[in-house]
**Q** 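Take this structure first; my questions come after.
Worth saying up front: this structure is predicted, and the values here are computed from it rather than measured. Residue numbers start from 1 in every chain, and the chains themselves are labelled A, B, ... in the order their sequence lines are given, proteins ahead of strands.
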Protein chains: 2
Amino acid sequence: MSESTHDDPIDLPRAADRFAALGHQARLSIVRCLLRAHPVGRVAGELQEELSIPASTLTHHLDALRHEALITQTRQGRFVRYFAHTHALRQLTEFLYAECCSASDHSIADHRAAGPSVKHHPGLPILQD
Amino acid sequence: MSESTHDDPIDLPRAADRFAALGHQARLSIVRCLLRAHPVGRVAGELQEELSIPASTLTHHLDALRHEALITQTRQGRFVRYFAHTHALRQLTEFLYAECCSASDHSIADHRAAGPSVKHHPGLPILQD
DNA sequence: CTTTTATTTCGATATTTCTAGAAACATCGT
DNA sequence: ACGATGTTTCTAGAAATATCGAAATAAAAG
């Protein structure tokens, strides 16, 4: 029990790149499929069938995910098996969660409450109610 | 204790669009800034100063985030104040986490170990070495 | 009502990303 | 060695996204 969720916190530019990698339907499908198949993984052909896209397009997306270290690959004979890189994915959720957990959900409901008012110097946006 | 984190689970195309919205350095910076400032929020001018980008570019990114419901806005006199939409952001982390939590971290370390062999029909991808 | 401040809209350009066929490469079975 | 199968590389056109100045809009201040 030494390795619960010990992180290297991820930096913002990297997080943005990784979010971008997930920001495509085909690639997010791949990642979800690999997470569900974890730790067995899936070979490229299986992914291709699941996604119904041309092989070259699939490879392109797999490269993009691999470049961001969100998945890994290994050759098994004629097949290439892909795996979700769960640690990298967890880092990503934690990037948001770290900031998000302390934020309670006031904002949406009471927008109006956010009141401007009480201005000091003109030009300085004060919040306060 | 009624409203812990009860979700509408988010569907994949929407999740992909939202990840894409986060997949840009400027926009991720905006979101992080708004989360840190939550629930006070930030007016556009404050965000612009923090990011050091032209106003029109900032608006463009704010529109993109708003279109994906990741942030909200409200006018306060001459100012427009922006807020993180924490629920939508949480949904997004949960989209990954839901699949990710059950996936323990075997894959990276023992790629080679990937599993049993026993090939049946040629053409069926079996794992194992 | 004119000016000043805050922000958005418009428009045009630059850049990146996506898509997918064809050809190449890798490995297995015979 | 040959043929079949699985996957990647190459290529190029199409589509989407990013950038930002200039003009337009909104609201307060003078």
**Q** First locate atom CZ of B/Arg27, then atom CG of B/Leu51, and finally report the distance between them rounded to the nearest 0.5 Å.
**A** 12.0 Å
**Q** As a test of reading the structure: which of D/dT8, C/dA20, C/dT7 is closest to the side chain of A/Ser56, going by heavy atoms?
**A** C/dA20
**Q** Just verifying a value: how many Å separate A/Ile30 CD1 and A/His61 NE2, rounded to the nearest 0.5 Å?
**A** 6.5 Å
**Q** If you restrict it to nitrogen or oxygen atoms, what contacts under 3.5 Å exist between nucleotides 14-18 of chain C and the protein, and what is each distance?
**A**
{"from": "C/dC18", "atom 1": "OP1", "to": "A/Arg27", "atom 2": "NH1", "distance (Å)": "3.3"}
{"from": "C/dC18", "atom 1": "OP1", "to": "A/Arg27", "atom 2": "NH2", "distance (Å)": "3.0"}
{"from": "C/dC18", "atom 1": "OP2", "to": "A/Arg27", "atom 2": "NH1", "distance (Å)": "3.0"}

**Q** Without hydrogens or angle criteria, can the side chains of A/Arg81 and A/Gln73 be said to hold a donor-acceptor pair below 3.5 Å?
**A** no
**Q** Taking NZ, NE, NH1 and NH2 as the nitrogens, is one of them in A/Asp17 or A/Arg14 under 4.0 Å from a carboxylate oxygen of the other?
**A** no
**Q** So does A/Tyr82 get a side-chain nitrogen or oxygen closer than 4.0 Å to the phosphate oxygens (OP1/OP2) of D/dG6?
**A** no
**Q** Just checking B/Gln48: does its CD atom have more than 12 heavy atoms from other residues, nucleotides or ligands closer to it than 6.0 angstrom?
**A** yes
**Q** For B/His67 and D/dA16, what is the distance between atoms NE2 and C1' respectively, to the nearest whole Å?
**A** 14 Å
**Q** Measure the angle between the two terminal helix axes of the helix from C/dC1-D/dG30 to C/dT30-D/dA1, five base pairs each, and quote it to 10°.
**A** 20°
**Q** Below the 4.0 Å mark, does C/dT8 have OP1 or OP2 next to a side-chain nitrogen or oxygen of B/Gln73?
**A** yes
**Q** From A/Leu96 CG over to B/Leu28 CG, what is the distance, rounded to the nearest 0.5 angstrom?
**A** 7.0 Å
**Q** Kindly indicate, with the supporting measurements, whether the criterion side chain to side chain contact (heavy atoms under 4.5 Å, CB included) is fulfilled by A/Asp11 and A/Phe95.
**A** CA-CA 8 Å; A/Asp11 64 4; A/Phe95 179 91; over 6 Å; no
**Q** What nucleic acid atoms does A/Ala55 come within less than 4.0 Å of, heavy atoms only: base, sugar-phosphate, or nothing?
**A** base
**Q** Name the residue closer to the 5' end of DNA chain C, choosing between A/Arg75 and A/Ala26 according to the nucleotide with the nearest heavy atom.
**A** A/Ala26
**Q** So which heavy atom on A/Leu92 is nearest to which on A/Phe19, and how close?
**A** CG-CE2, 3.7 Å
**Q** Which one, D/dA28, D/dT9, C/dT9, comes nearest to the side chain of B/Arg78?
**A** D/dA28
